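Worksheet: the structure to be examined is printed underneath.
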Amino acid sequence: MRDILLIDNGSKRADSTLSLRRIASSLAERLGETVHPVSLLHSDRIPPSELHGQPADTFESFLRRRLDEDARRFLILPLFFGPSRAISDYVPERVATLQDDFGPFEVRIARALCPLPEGEPDLVEILLERIRESAAEQGVAPRRILLVDHGSPIPAVTEVRRWLARQLARRLADDSGPRVELGEAVMERRPGAEYDFNGELLEDRLRALATQDVSTPVILSMLFLSPGRHAGPSGDIAEICHSVERDHPGFRVHPSALVGGHPRLLDILTARLAETDAASTARTDHEA
């Protein structure tokens with residue numbers, strides 16, 4: 001028997017954990033196996049009363065509990081778009097510490113949602129559908145689109161956004177109708193020229209677009225998985241958009257729905273699990 005862990009970074013906001021639980025539950029129903037929603041950090045600070053009375057699980061405490069119960073096989077499905085250090089560094093460090101305490105146990109880690117260089121076409125389709133949904137709901141033409149992510153000090157994570165933007169631009173160019181302008185932005189980034197690979201800050205980009213043309217709305221393609229401090233209804237992204245709209249009367253920004261609520265995300269996660277199982281089987285056959 002194995003434990004499948006669906007892992008996100010974690011948040012102090014209940015909506016994020018509830019979203020993780022919904023995705024894990026839907027994935028478990030598809031797989032016919034239990035999928036444990038586990039955050040790396042932070043979520044254990046959410047009052048259980050905000051989580052229907054069930055405290056959130058965080059990575060190290062969950063593994064300690066399961067190891068105490070004699071579980072020894074774990075498969076981690078990262079709910080991360082790219083190669084975050086949370087998965088490449090933090091998880092192995094915690095596992096090494098736990099192996100010192102409990103002895104050997106197996107941990108396999110699936111690839112991220114959009115592994116490069118091949119990328120993930122289904123993620124492109126999710127973003128494209130979210131853009132079209134937002135345009136239809138607002139009754140606007142998708143003329144100006146901005147793909148925004150959180151921002152990362154790791155160039156390989158930013159390259160995931162760039163890959164997705166290139167694919168989206170190709171798909172949008174194939175659509176009939178007026179020309180679409182697609183740009184990129186980052187919600188936040190570290191100061192200094194060494195982090196210029198992140199690209200332009202969202203607030204700066206929106207202000208430039210408002211100055212250029214106040215009457216054509218912008219659809220914000222949200223490269224975020226779950227609501228929380230950044231992408232929630234009253235989060236950082238919403239505050240940035242409202243600030244720019246307030247300073248430029250008549251300018252409108254329409255954020256898309258998030259990736260985590262799209263059913264096609266389950267296809268991606270199922271594929272990552274199948275890849276990991278196939279690699280494990282191949283390795284076992286080779287060793288035999």
Side-chain angles (χ1 to χ4, degrees), residues 1-14 16-48 50-113 115 154 156-157 225-226 228 266 268-288:
M1 296 294 293
R2 65 181 179 181
D3 282 13
I4 300 174
L5 283 66
L6 183 66
I7 296 285
D8 71 357
N9 196 57
S11 170
K12 297 176 185 177
R13 298 205 178 182
S16 180
T17 293
L18 294 174
S19 172
L20 179 67
R21 288 178 179 176
R22 283 192 294 269
I23 297 168
S25 177
S26 297
L27 183 60
E29 184 175 353
R30 173 176 294 199
L31 297 174
E33 296 185 68
T34 299
V35 178
H36 302 278
V38 179
S39 295
L40 292 179
L41 296 164
H42 311 305
S43 300
D44 54 353
R45 302 182 190 179
I46 303 171
E50 297 179 17
L51 299 172
H52 309 303
Q54 181 183 350
D57 274 318
T58 52
F59 183 69
E60 185 168 358
S61 62
F62 175 85
L63 256 64
R64 285 189 179 276
R65 183 174 75 246
R66 292 295 292 134
L67 289 164
D68 276 333
E69 296 167 349
D70 291 328
R72 286 297 181 271
R73 296 179 61 221
F74 302 93
L75 192 154
I76 293 173
L77 282 174
L79 205 57
F80 290 81
F81 293 113
S84 168
R85 285 181 183 151
I87 298 298
S88 64
D89 294 353
Y90 179 80
V91 167
E93 288 169 2
R94 294 299 89 209
V95 168
T97 297
L98 291 167
Q99 286 177 332
D100 287 342
D101 294 342
F102 290 92
F105 58 90
E106 177 186 277
V107 176
R108 290 183 289 142
I109 303 176
R111 297 195 300 167
L113 297 174
I154 306 171
V157 175
L225 285 154
S226 296
L266 300 182
I268 300 175
L269 291 167
T270 301
R272 294 294 167 270
L273 180 63
E275 291 170 1
T276 309
D277 284 343
S280 178
T281 300
R283 184 169 58 252
T284 300
D285 291 345
H286 176 74
E287 291 170 354

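Small disclaimer: the values here were computed from a predicted structure and weren't measured.
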Would you name the heavy atoms of [X] and [Y] that are closest together and state the gap between them?
X	Y	result
A110	R272	CB-O, 3.9 Å
A86	L40	CB-CD1, 3.4 Å
L225	F81	CG-CZ, 3.5 Å
L20	P37	CG-CB, 3.7 Å
S16	D8	OG-OD2, 3.9 Å
P115	A112	CD-O, 3.3 Å

Drop me the distance from [X]'s [atom1] to [Y]'s [atom2], to the nearest 0.5 angstrom.
X	Y	atom1	atom2	result
L5	H36	CG	NE2	6.5 Å
T270	E275	OG1	CD	11.0 Å
T17	H42	OG1	NE2	11.0 Å
R30	S25	CZ	OG	13.0 Å

Please table the atom pairs, donor to acceptor, closer than 3.5 Å between any side-chain atom in residues 52-63 and protein atoms at least two apart or in another chain.
unit_1, atom_1, unit_2, atom_2, d
D57, OD1, R65, NH1, 3.1
D57, OD1, R65, NH2, 3.3
D57, OD2, R65, NH2, 3.4
T58, OG1, S61, OG, 3.0
E60, OE1, R94, NH1, 3.1
E60, OE2, R64, NE, 3.4
E60, OE2, R64, NH2, 3.3
S61, OG, T58, O, 3.0

### Message
Do L18 and E50 make a side-chain contact, defined as non-hydrogen atoms from C-beta onward lying under 4.5 Å apart?
### Response
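In short, these two side chains do not touch, never coming nearer than 4.5 Å.
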### Min side-chain heavy-atom separation F74-L67 under 4.5 Å
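Touching, per the 4.5 Å side-chain cut-off.
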### Message
Show, in sequence, the C-alpha distance, side-chain angles and deciding distance for L269 and L113, and conclude whether the side chain to side chain contact (heavy atoms under 4.5 Å, CB included) test is met.
### Response
CA-CA 7 Å; L269 291 167; L113 297 174; 3.7 Å; yes
### Query
Which one of I109, T276, V95, D3 satisfies the side-chain contact (heavy atoms from CB on, under 4.5 Å) criterion with I76?
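Among I109, T276, V95, D3, the one meeting side-chain contact (heavy atoms from CB on, under 4.5 Å) with I76 is I109.
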### Query
Would Q99 and F105 satisfy side chain to side chain contact (heavy atoms under 4.5 Å, CB included), going step by step from the backbone distance to the final call?
CA-CA 7 Å; Q99 286 177 332; F105 58 90; 3.3 Å; yes
### Task
Apply side chain to side chain contact (heavy atoms under 4.5 Å, CB included) to I4 and T34, showing your working.
CA-CA 7 Å; I4 300 174; T34 299; over 6 Å; no
### Ion pair check, R2 and E33, cut-off under 4.0 Å
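Judged by the 4.0 Å cut-off on N to carboxylate O distance, R2 and E33 do form a salt bridge.
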